[in-house]
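Residue numbering restarts at 1 for every chain, and letters A, B, ... go by the order of the sequence lines. Excluded from the calculations below are hydrogen atoms, water molecules and symmetry mates; all remaining heavy atoms, backbone and side chain alike, are included.
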Amino acid sequence: MINTGVVSAAYIAAMVLFIMDLSGLSSQQTARRGNWYGIAGMVVALLATILGVVTNNYLELIAALIVGGGIGLVVARHVQMTAMPELIALLHSFVGLAAVLVGYAKFGDTSSQLIGIDLTIHHIEIYVGILIGAVTCSGSLIAFAKLSGRISGKALVLPGRAPFTLGILIVLIWFGWEFVNQSAAGGGILPLLIMTAIALIFGIQLVMAIGGADMTVVISILNSLSGWTAVTTGFMLNNDLLIVIGALVGAGGAILTTIMCRAMNRSFVTVLVGGFGSAGGKKYSSAGIEEDGEVTAITAKETAALLLEAKEVMIIPGYGMAVAKAQQNVAALTSTLRAKGVNVRFGIHPVAGRMPGHMNVLLAEANVPYDIVFAMDEINDDFPEVDVSLVIGANDIVNPSALDEPNSPIAGMPVLTCWKGKVTIVLKRSMATGYAGVQNPLFFKENTRMLFGNAKDTLQSVLEVL
Amino acid sequence: MKIGIPKELHQGERRVASTPEVVAQLSKLGFSVAVETAAGTAASYTDDAYAAAGGEIVASAKELWAQSDIVLKVQAPENNEVTSLRSGQTLISFLWPAQNPDLLKQLTERGVTAIAMDSIPRISRAQEMDARSSMANVSGYRAIVEAEEHFGRFFAGQITAAGKVPPAKVLVIGAGVAGLEAIGTAKSLGAIVRAFDTRPEVKEQIESMGAEFLMLDFKDEDGSGEGGYAKVMSKEFTEAEMQLFAEQAKDVDIIVTTALIPGKPAPRLITAEMIKSMRAGSVVVDLGAEQGGNCELTVPGELVVRHGVSIIGYTDLPSRMATQSSQLYATNLLHLLAEMTPNKNGEIVLDMEDEVIRGATVCSGGKITWPPPVPKNPPAPKKVVPVPVPAPAVVEQKKSVWGPVVTVVIAVLALLGLGSVAPADFMVHVTVLVLASVVAYMVVWNVSPTLHTSLMSTNNAISSIIVIGALLQISSQDNTVKWLAITALAITSINIVGGFAVTHRMLKMFRKSS
């Protein structure tokens, strides 16, 4: 209906709109408008393609759009904010799956008349596109299963993982060679299917080997991977829009990965190699110093009294707050204290939770104003002035041994230095260690009080006293 | 080893070098402790209390000096004390080696190991042993107590049935440990407190204690000297400063001066003129009295009244709060001894590699070891903070310069290699990819950390642009291709709508506090 030039123009408009969407995310004020830019970009790209390229099968097209869109809308409406990491992982796997399907469809499409090097490149593109798509798909599904608790979050490292990975790599290259050779002669479906199976298995073992604490990194990597999937598909289809958008997402995910790795003082490679927080694997022992000491327990009533006396309160939420779904109580506590003139602020560690920005979303959901929520770097120097720090379900991100215990597995990871404040109250279910499997000397410090119990219930009783 | 705590002989000295509590702690470190009878009486620590804490009460000083391996004192030893020291003994007390060269010489000749509490380096690690700071803290507190005693009014303003009482106005000059404590104490009594310091970086500390920082309208001159102390200022600065003090003197009721420059006589800040201009009944507390005084009319060690203003020049303020000072000083000593007793076996080790021990040891084994060599990494506390803040030991991994270079070279070679074989069409796409990655890199670094989750869900939605791929194939005549495309379309539609909708929902939740 419309010619190719117009379609290309529409694609350019869509690219600009998508870039504006991402740049809108630099602040809360512009982010909402940014999201509308993104929606507009998608609508423009879809309309241009449907009107300019599609020639028949409109009925199936519209049905698929409505069914898929409907499911998406229902899921987006009803997902709990605590379950955001799972949802995002699941959506990543869809991108991967779609890439695999599109790759096969392109392979089955014999209308193109390519010869020589062009044909070879085209086949390599299909091969790589399906490969990355499959790894993204199965890896994300495992991440989804881990995050939603369907399988254990513990790292499961295969024995002889390094040779295994290397072997897979060689096998994949060999099948790639086979595929290009066979497909030039019109065949090649068999190597393609075998490769897909191997890639799926590779994706599974990749994420299985990564422990719960590194989930924030994994989810960023998968995010990046879903972008690169779009890039390879773009190459396959000779479509610049896909390449540009894929690069946006891919680079975005890569940057998130970098930020998260930095926040844990771990390199990308060590995360992928896995084993962090692995069950019973290597037990951390510091040079003869056994971290055993007296912890001082405290009641909800005493907590309330301490909070009322305080002028400066810092709340440090962690994954435990998400697990206990305690964010509403945290918000209620915050507004109660603020109404009494207590300056309540939040200190958020970059890797708190299971997803970048996880805590911010939960707090926003509970109506905590975002201008009292601060990033670690913004508030870490303020702790000496803080009267009470409330650690809710966080462990490794407030572990002093990261700073002063060079042998600790988390040594060098930046942490929130709450122990420099006057009193730290730790809300915790038990004395169990965090995901890193490291004992936390914070609990034994003189100015630390432990408030045991489910965070939601204990906060409720604190609120009642207040 | 045996530690001896003699009674202080210095005229008017009420402090004692250890308290019963600390004696118990010293025993835990493996030492046995002997205390001269009545050593702590003036500081309200009884012999019985020492004995109960495990100390052995010794009847005479002579006996005590004879049997002790380590002697803990507050004041530098008097002449007859020096003569009872013998080779191999360790003496720990205030010594002021710069001011007492004779004493240092005598101690050296007697083969004594002498550790001067006043020479503990001012580094973060040694703050728990910094006796000068603990004594300055007491002086600052006591300065306000003394001022109130000689000031005829309330500090806090009150509105009573009998009329309105204005609050007292206090000016504190010099915001070191003593100055800050004076500010805090005056503030908690309800006074209006102003403070001045030549070091601009203490402004925040002053304000955090609740005082107003008096800014000098003057070109930037930083008064910070080494080790967190002030230095001598230029003539112009001093004149501007005097002008400020002259104005303030007419307005305030109490002036506490704490200005000291290491190794120099105390700077003259308050002139006779200024005292004359103050209201009768006002009080000046001069903590610089020992070094000659910050006020022209100060008589060191005494209280004098001039032009109706009480000028307090006491040099023994810590001794006037002997119980408190002794407790702090004893704890400083305990920390030092704990540092010197790494094996907790009651045997001290003089580790001259240790910056703190090296700095404080003024003579040992017949040799003068004072002043210590300049430490390798000079202490940084330009900003002296009352609370120790150990620097976070974030391990920065050294990155090789070659890493990025090699990466770039490989990338360039790979691109060249690709370009040499790939068709032009393909290279156009590579161009687009590289440019888009650069744009993405620029854009995404600006994303606020709060919105990282939203970034991920947005990424999710827009990476489903892969839907275009499905749409391009959906019109295929081949049924397999068609259904593959339709399935892919349905799946990506979930993503598109789901991703954007969930982002929208999240963003809607962020709100500013009203």
Side-chain angles (χ1 to χ4, degrees), chain A residues 18 22-23 25-28 31-32 35 39 49 54-57 60-61 64-65 67-69 71-73 75-76 88 91 94-95 97-98 101-102 104-105 108-109 118 223 226-227 230 233 237 240 243-245 247-249 251-252 255 356-357 360-361 364-365 369-371 375 384 403 412, chain B residues 387 392-393 395 423 426 429 432-433 436-437 440-441 443-444 446-453 455-456 459-460 462-463 465-466 468-476 478 480-481 484-498 500-504 506-507 509-513:
Chain A
F18 284 132
L22 288 186
S23 55
L25 285 172
S26 58
S27 82
Q28 280 90 348
R32 245 173 282 176
N35 198 43
I39 295 173
T49 318
V54 179
T55 50
N56 55 15
N57 294 336
E60 289 92 333
L61 187 155
L65 267 181
V67 170
I71 296 175
L73 199 62
V75 170
I88 288 197
L91 292 183
F94 288 168
V95 175
L97 182 58
L101 295 176
V102 170
Y104 273 99
D109 179 7
D118 283 328
N223 197 252
S226 72
T233 311
L237 301 170
D240 282 339
I243 298 179
V244 170
I245 306 309
L248 281 179
V249 174
I255 290 172
N360 300 91
V361 171
E365 185 201 13
Y370 61 77
D371 48 2
L403 298 185
Chain B
V387 189
V395 184
F426 184 81
H429 291 315
V432 170
L433 170 65
S437 302
Y441 188 82
V443 169
V444 176
N446 283 330
V447 171
S448 141
T450 328
L451 295 173
H452 276 162
T453 299
L455 170 66
M456 296 188 59
N459 273 352
N460 240 314
I462 68 175
S463 65
I465 193 71
I466 227 171
I468 304 288
L471 288 177
L472 290 178
Q473 323 254 331
I474 206 166
S475 312
S476 169
D478 187 328
T480 323
V481 172
L484 281 174
I486 289 174
T487 319
L489 175 61
I491 292 172
T492 41
S493 303
I494 300 181
N495 248 11
I496 297 173
V497 177
F500 280 125
V502 92
T503 310
H504 183 73
M506 263 189 282
L507 292 175
M509 296 181 317
F510 286 102
R511 68 175 183 100
K512 235 180 162 153
S513 62

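When B:Leu489, B:Val444, B:Leu484, B:Ile468 are compared by the number of non-hydrogen pairs under 4.5 Å with chain A, B:Ile468 comes out ahead. The candidate from B:Leu472, B:Thr492, B:Asp478 with the greatest count of non-hydrogen atom pairs under 4.5 Å with chain A is B:Leu472. Of the listed residues A:Leu73, A:Thr55, A:Leu25, the one with more heavy-atom pairs under 4.5 angstrom with chain B than any other is A:Leu25. The most heavy-atom pairs under 4.5 Å with chain A, out of B:Ile486, B:Asn446, B:Leu455, B:Ile465, come from B:Ile465. Across B:Val497, B:Val481, B:Ile474, B:Asn495, the residue that shares the most heavy-atom pairs under 4.5 angstrom with chain A is B:Asn495. Annotation: maximal heavy-atom pairing with chain B below 4.5 Å, among A:Gly68, A:Ala251, A:Ala247, occurs at A:Gly68. Ranked by heavy-atom pairs under 4.5 Å with chain B, the first of A:Ala98, A:Ser23, A:Ala375, A:Ser26 is A:Ser26.
Distance check: A:Phe94 CZ to B:Ser493 OG gives 11.5 Å after rounding to the nearest 0.5 Å. Here A:Ile245 contributes atom CD1 and B:Asn459 contributes atom CG; the two are 10.5 Å apart, rounded to the nearest 0.5 Å.
Every side-chain hydrogen bond (donor to acceptor under 3.5 Å, both in side chains) that B:Thr503 has, sequence neighbours left out, goes to B:Ser457. Applying the side-chain hydrogen bond (donor to acceptor under 3.5 Å, both in side chains) test to A:Ser27 and every residue at least two apart in sequence or in another chain returns A:Gln29, A:Thr30.
Between the side chain of A:Asn360 and the main chain of B:Leu451, no donor-acceptor pair closer than 3.5 Å is present.
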Going through the checks in order, is the side-chain contact (heavy atoms from CB on, under 4.5 Å) test met by B:Asn460 and A:Ile88?
CA-CA 7 Å; B:Asn460 240 314; A:Ile88 288 197; 3.4 Å; yes

Check against side-chain contact (heavy atoms from CB on, under 4.5 Å), B:Val432 and A:Val244:
CA-CA 7 Å; B:Val432 170; A:Val244 170; 3.4 Å; yes

Are A:Asn35 and B:Leu507 close enough, and set up right, to give a side-chain contact (heavy atoms from CB on, under 4.5 Å), and what steps lead you there?
CA-CA 9 Å; A:Asn35 198 43; B:Leu507 292 175; 4.1 Å; yes

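Heavy atoms only, all atoms of each residue included: A:Ile255 and B:Ala440 are closest at CD1-O, 4.4 Å. Annotation for B:Ser475 and A:Asn57: closest pair CA-ND2, 3.9 Å, computed over non-hydrogen atoms. The two residues A:Ala230 and B:Ile466 make their nearest non-hydrogen contact at CA-CD1, 4.1 Å. Residue B:Leu471 comes nearest to A:Val54 through the heavy atom pair O-CG2, 3.7 Å, listed as atom of the first residue, atom of the second, then distance.
Contact annotation for A:Val361: both backbone and side-chain heavy atoms come within less than 4.5 Å of a heavy atom of chain B. Residue A:Leu97 touches chain B through its side chain alone, counting heavy-atom pairs closer than 4.5 Å. Looking at B:Thr480, there are no atoms closer than 4.5 Å to chain A (heavy atoms on both sides), in backbone or side chain. Looking at A:Asn223, only its side chain comes within 4.5 Å of chain B, counting heavy atoms on both sides. Looking at B:Ile496, the atoms closer than 4.5 Å to chain A (heavy atoms on both sides) all sit in the side chain, from C-beta outward.
A 4.5 Å side-chain heavy-atom check between A:Leu101 and B:Ile491 finds at least one atom pair inside the cut-off.
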